[in-house]
Structure formats: structure tokens, C-alpha cells
Peer 1: 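Have a look at the structure that comes next, please.
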Amino acid sequence: MAKTQLNVRVDEGTAQVARERATARGMSVNRYIEELVRQDAGEIGHTFVEAASDFMKQYEALFAEEFGAEREGGTREAGPREGRR
């Protein structure tokens, strides 16, 4: 993959922390920053999972009412949106 140079200005304290953390992980500062950006870009997926979890918590009672018997291994009659079998 081709690399593009990106120049960034940060205060000396931030630069020092970046150097220390990169060294602790056995990588260059460039690689460390690249990994941070990739992780941050991956936050979209994490945000989706959190939103889905919040949705499920909010509607848990409705799902349990509609699908609870199946989840427990029992059977249930067809709901209003399904035909009877």
C-alpha cells in the first residue's frame, strides 16, 4: 500500500506521550499514530453495536412478550402478523 506523508503539529507534551507510548509498544511513532487513526475509524462499528444494545434494552419487554416462549424452548401461537400453521 502506498504511503502518504502527513505533517501534524502538536504540543511538546503530546509529542512526548506519543513517543513514549510508541516505544512501549515496540513501534514507530508513525505506526502508533496510524494505529490510533484506524482504531478511531473503527469506532463507527462500536457505536452501532452500542446503539443496537440500547435499542434492545429499551424494547426488551416487547421482544420477550412476542418471542419469549420460543426463546425458552416452548411454542407459541402465531402473532397478528403471521398466519396460523
Side-chain angles (χ1 to χ4, degrees):
M1 175 187 290
K3 297 281 185 172
T4 300
Q5 184 171 340
L6 179 65
N7 296 312
V8 184
R9 293 183 188 274
V10 296
D11 63 66
E12 184 54 41
T14 301
Q16 186 59 37
V17 169
R19 288 184 203 105
E20 291 169 1
R21 299 217 178 202
T23 299
R25 288 170 173 75
M27 61 177 67
S28 68
V29 173
N30 287 334
R31 178 69 188 263
Y32 176 67
I33 299 299
E34 188 174 11
E35 292 294 319
L36 288 177
V37 171
R38 285 187 179 153
Q39 289 173 10
D40 187 51
E43 287 295 312
I44 293 170
H46 181 70
T47 300
F48 172 79
V49 170
E50 285 183 350
S53 175
D54 289 343
F55 174 85
M56 290 303 295
K57 287 176 187 172
Q58 183 177 358
Y59 293 99
E60 180 178 19
L62 293 173
F63 279 95
E65 182 180 320
E66 180 70 19
F67 302 107
E70 286 180 355
R71 188 172 47 197
E72 297 297 324
T75 60
R76 66 176 179 87
E77 292 186 20
R81 289 174 274 170
E82 302 173 20
R84 303 240 176 210
R85 296 179 199 169

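Just so we're clear, the structure is a prediction, and the values are computed from it rather than from any experiment.
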Peer 1: Which pairs count as salt bridge (Lys or Arg N to Asp or Glu O under 4.0 Å) when at least one residue sits in residues 12-29, sequence neighbours excluded?
Peer 2: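 As it turns out, the salt bridge (Lys or Arg N to Asp or Glu O under 4.0 Å) pairs with a partner in residues 12-29, which skip direct neighbours, are Glu12-Arg19.
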
Peer 1: Can you name the residues that form a salt bridge (Lys or Arg N to Asp or Glu O under 4.0 Å) with Lys57, not counting sequence neighbours?
Peer 2: none

Peer 1: Listed by chain and number, what are the side chain to side chain donor-acceptor pair (under 3.5 Å) partners of Asp54, not counting sequence neighbours?
Peer 2: none

Peer 1: Starting from Val29, can I reach Leu36 by hopping between I/L/V/M/F/W/Y residues whose side chains sit under 4.5 Å apart?
Peer 2: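 Yes, because Leu36 and Val29 connect within a single hydrophobic cluster, where side-chain heavy atoms sit under 4.5 Å apart.
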
Peer 1: Return the set of residues passing salt bridge (Lys or Arg N to Asp or Glu O under 4.0 Å) with Glu35 (not counting sequence neighbours), or none when no residue passes.
Peer 2: Arg31, Arg38

Peer 1: Establish whether Tyr59 and Phe67 are linked, either directly or via other cluster members, by ILVMFWY side-chain heavy-atom contacts under 4.5 Å.
Peer 2: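 Yes, Tyr59 and Phe67 fall within the same hydrophobic cluster.
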
Peer 1: Is there side-chain contact between Glu34 and Lys3, with heavy atoms separated by less than 4.5 Å?
Peer 2: yes

Peer 1: Test question: given the 4.5 Å side-chain rule for I, L, V, M, F, W and Y, name all other residues clustered with Val8, or answer none.
Peer 2: Leu6, Val10

Peer 1: Locate the shortest heavy-atom distance separating Tyr32 from Ala22; write the atom from each residue and the value.
Peer 2: CB-CB, 3.7 Å

Peer 1: Just jot down the side chain to side chain donor-acceptor pair (under 3.5 Å) partners of Thr23, sequence neighbours excluded, or say none.
Peer 2: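 With neighbours one apart ignored, the set is empty.
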
Peer 1: Rounded to the nearest 0.5 Å, what separation is found between the CZ atom of Phe55 and the CZ atom of Phe63?
Peer 2: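 Between Phe55 CZ and Phe63 CZ, I get 4.5 Å after rounding to 0.5 Å.
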
